[in-house]
Trainee: 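For reference, the structure I am asking about is given below.
The structure presented is a predicted model; accordingly, all values stated were derived computationally and were not measured. Quick note: numbers below take in every heavy atom, side chains included, and nothing from hydrogens, waters or symmetry partners.
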Amino acid sequence: MQWTLVIPLKPLGRAKSRLSDTAPDAVRPGLALAFAQDTVAAALACPAVRDVAVVTDDALAGRELAALGARIVRDEPGGGLNPALVHAAAFVRSLHPESALAALNADLPALRSAELARVLDAAAEFPRAFLPDAAGVGTTLLASAQGKELRPAFGVDSRLRHRTSGAVELRPVDVDSVRQDVDTGEDLRVALALGVGRYTAAATEGLLETRPGVRGSTT
C-alpha cells in the first residue's frame with residue numbers, strides 16, 4: 001500500500017512555545033524548522049510513502065521543505081489544526097485518490113523510515129487507525145484507508161478523542177521514533193538520545209549539555 005502523508009506546521013514564530021525553558025525565543029523558530037525538515041526527510045525516504053504534503057503558511061518553512069521534495073499546501077480555511085488537515089486531505093486525495101492517507105506530526109526529529117513503515121503497515125489493516133505519542137496522551141499519526149475520511153481530532157487528549165471516534169489504536173513494537181514528538185525540553189532530550197536527523201543535530205549544537213546522537217534519515 002502506498003501512502004500520502006499530510007504534515008501540518010504552524011508559523012515558525014509561534015511554534016514550540018513550551019520549549020521556552022530550554023531554548024530562547026530567537027532559537028525556537030529554527031528548532032521547529034529543523035524538526036520538520038528531519039521529519040519530512042525521513043518520511044520521504046520511507047518506501048511505503050508515495051508523497052508528503054506539508055500544510056503551512058510559513059514562507060521560509062515552505063521553501064525549505066519544498067526543497068526536500070514536499071508538496072506545500074496553504075493552511076486553509078485558517079480555522080486551526082483539524083480544519084487545516086481536512087482541507088489538505090481533500091486536496092491531496094484529489095490528486096491521488098487511490099492512496100491511503102495519514103496525518104503525521106511535524107515534530108519527530110528522531111523519525112526513522114523503517115519504523116514509520118512498520119506503523120503504516122499496521123495501519124493498513126484498518127479503515128482508520130492512530131498511533132499514540134510517547135506520553136500516552138496525544139497522537140503522532142492518524143491514518144485512513146482509501147475512500148475513508150481522516151476525521152482528525154488532534155489537540156488536548158487526542159488519544160482518547162481518536163479512540164472514541166472509532167479509530168483503532170496501533171500498538172506496534174520498536175517504533176519509538178514515530179511516537180517521540182517534541183514539545184518540552186525533556187522531550188527534546190529523549191529525542192536526542194534516540195538519535196536525531198542532521199538538521200536537528202545542527203540546530204541543537206551547544207544548546208544542551210547532552211551531545212545529540214545523529215542518525216541517517218533511512219535508518
Side-chain angles (χ1 to χ4, degrees), residues 1-9 35-36 38-55 69-70 81-82 85-86 88-90 92-93 96-155 157-183 187 190-191 193-197 215-219:
M1 181 180 291
Q2 287 292 293
W3 293 82
T4 293
L5 301 189
V6 177
I7 299 178
L9 179 63
F35 297 165
D38 284 325
T39 301
V40 168
L44 285 169
C46 177
V49 174
R50 176 175 186 161
D51 59 351
V52 171
V54 175
V55 190
L81 174 57
N82 293 310
L85 286 172
V86 171
V92 298
R93 278 199 159 143
H96 302 299
E98 75 281 7
S99 290
L101 182 69
L104 181 71
N105 286 13
D107 57 352
L108 299 169
L111 184 64
R112 286 163 167 76
S113 302
E115 294 184 13
L116 176 60
R118 287 200 290 275
V119 174
L120 293 174
D121 285 347
E125 301 296 321
F126 306 100
R128 289 176 66 244
F130 73 97
L131 185 73
D133 64 8
V137 177
T139 302
T140 57
L141 180 142
L142 173 67
S144 61
Q146 178 185 358
K148 300 296 182 181
E149 292 184 7
L150 188 63
R151 295 172 57 198
F154 287 90
D157 295 328
S158 66
R159 179 185 187 180
L160 176 60
R161 294 168 69 189
H162 283 132
R163 189 164 53 199
T164 302
S165 77
V168 174
E169 182 172 323
L170 300 173
R171 303 175 185 272
V173 298
D174 298 327
V175 294
D176 291 348
S177 76
V178 195
R179 300 184 64 201
Q180 189 56 61
D181 55 350
V182 175
D183 288 318
D187 293 336
V190 174
L194 286 173
V196 295
R215 52 93 183 134
S217 293
T218 59
T219 58

Trainee: Measure from the side-chain N and O atoms of Arg112 to the backbone N and O of Ala42, and report whether any donor-acceptor pair falls under 3.5 Å.
Mentor: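 Judged by distance alone, no pair lies under 3.5 Å.
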Trainee: Please round to the nearest 0.5 Å and tell me the distance separating atom OG1 of Thr39 and atom CG of Asn105.
Mentor: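 So the OG1 of Thr39 and the CG of Asn105 are separated by 8.5 Å.
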Trainee: Would you say Arg159's side chain and Pro132's backbone share a donor-acceptor pair under 3.5 angstrom?
Mentor: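 Answer holds: no.
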Trainee: If only side-chain N and O atoms count, and only distance matters, is there a donor-acceptor pair under 3.5 Å linking Thr140 with Asp133?
Mentor: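 Asp133 vs Thr140: no donor-acceptor pair found between side chains.
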Trainee: Measuring from atom CZ of Phe35 to atom CG of Asp181, what distance do you get when rounded to the nearest 0.5 angstrom?
Mentor: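 Here the interatomic distance stands at 10.5 Å.
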Trainee: Find out whether Leu141 and Leu116 are in side-chain contact, i.e. whether some heavy atom of one side chain is under 4.5 Å from a heavy atom of the other.
Mentor: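 They are in contact (side-chain heavy atoms under 4.5 Å apart), so the answer is yes.
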Trainee: Using side-chain heavy atoms (C-beta onward) and a distance below 4.5 Å, is Arg50 in contact with Glu98?
Mentor: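 Yes, side chains in contact.
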Trainee: Which value, rounded to the nearest 0.5 Å, describes the distance between Leu85 atom CG and Leu142 atom CG?
Mentor: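 Atom-to-atom, Leu85:CG and Leu142:CG are 8.5 Å apart.
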Trainee: Of the non-hydrogen atoms in Leu120 and Ala102, which two are nearest, and what is the gap between them?
Mentor: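 For Leu120 versus Ala102, the nearest heavy atoms are CD2-CB, 4.2 Å.
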Trainee: So which heavy atom on Leu5 is nearest to which on Ala43, and how close?
Mentor: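 Residues Leu5 and Ala43, closest heavy atoms: CD1-CB, 3.7 Å.
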Trainee: Can you see whether Thr139 engages His162 through a side-chain donor-acceptor pair at a distance of less than 3.5 angstrom?
Mentor: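 Yes, side-chain donor-acceptor contact under 3.5 Å.
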Trainee: Between CG of Asp157 and CZ of Arg163, what distance do you get to the nearest 0.5 Å?
Mentor: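 With rounding to 0.5 Å, CG (Asp157) is 10.5 Å from CZ (Arg163).
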Trainee: Would you compute the distance between atom CG of Asp107 and atom CG of Asp187 and round it to the nearest 0.5 angstrom?
Mentor: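 Asp107 atom CG to Asp187 atom CG measures 8.5 Å (nearest 0.5 Å).
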Trainee: List the atom of Arg151, the atom of Arg128, and the distance in Å for their closest heavy-atom pair.
Mentor: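 Heavy atoms only, the tightest pair is O-NH2, 3.1 Å.
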Trainee: Report the C-alpha separation of His96 and Asp51 in whole Å, then their side-chain angles, then the decisive distance to 0.1 Å, and conclude whether the side-chain contact (heavy atoms from CB on, under 4.5 Å) test is met.
Mentor: CA-CA 10 Å; His96 302 299; Asp51 59 351; 3.2 Å; yes
Trainee: What closest approach, in Å, do Val92 and Ala53 show between heavy atoms, and which atom pair accounts for it?
Mentor: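 Here Val92 and Ala53 meet closest at CG1-CB, 3.6 Å.
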Trainee: Please report the shortest heavy-atom distance between Ser144 and Arg93, naming the atom on each side.
Mentor: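 Scanning both residues, the minimum pair turns out to be OG-NH2, 3.2 Å.
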Trainee: Could you tell me the separation between the OG atom of Ser158 and the CZ atom of Phe130, rounded to the nearest 0.5 Å?
Mentor: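 Between Ser158 OG and Phe130 CZ, I get 8.0 Å after rounding to 0.5 Å.
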Trainee: Might you point out which heavy atoms bring Ala123 and Leu170 nearest each other, and give the distance in Å?
Mentor: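 Minimum heavy-atom separation between Ala123 and Leu170: CB-CD1, 3.8 Å.
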Trainee: Is it true that, when you exclude Glu169 itself, more than 12 heavy atoms of the residues, nucleotides or ligands shown sit nearer than 6.0 Å to its CD?
Mentor: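 Check passes, neighbour count above 12.
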Trainee: Do Val40 and Val54 make a side-chain contact, defined as non-hydrogen atoms from C-beta onward lying under 4.5 Å apart?
Mentor: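 Yes, their side chains come closer than 4.5 Å.
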Trainee: Quickly, which of Val6, Val52, Leu111 forms a side chain to side chain contact (heavy atoms under 4.5 Å, CB included) with Leu104? Name it, please.
Mentor: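 Result: among Val6, Val52, Leu111, Leu111 is the only option passing the side chain to side chain contact (heavy atoms under 4.5 Å, CB included) with Leu104.
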Trainee: Any non-hydrogen side-chain atom of Glu115 less than 4.5 Å from a side-chain atom of Asp174?
Mentor: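 No, every pair of side-chain atoms sits at 4.5 Å or beyond.
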Trainee: Are side-chain N/O atoms of Ser99 and Gln2 paired as donor and acceptor at under 3.5 Å?
Mentor: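 On atom types as modelled, these side chains do not qualify, holding no pair under 3.5 Å.
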Trainee: Take Val55 and Leu9 through the side-chain contact (heavy atoms from CB on, under 4.5 Å) test and state the conclusion after the steps.
Mentor: CA-CA 6 Å; Val55 190; Leu9 179 63; over 6 Å; no
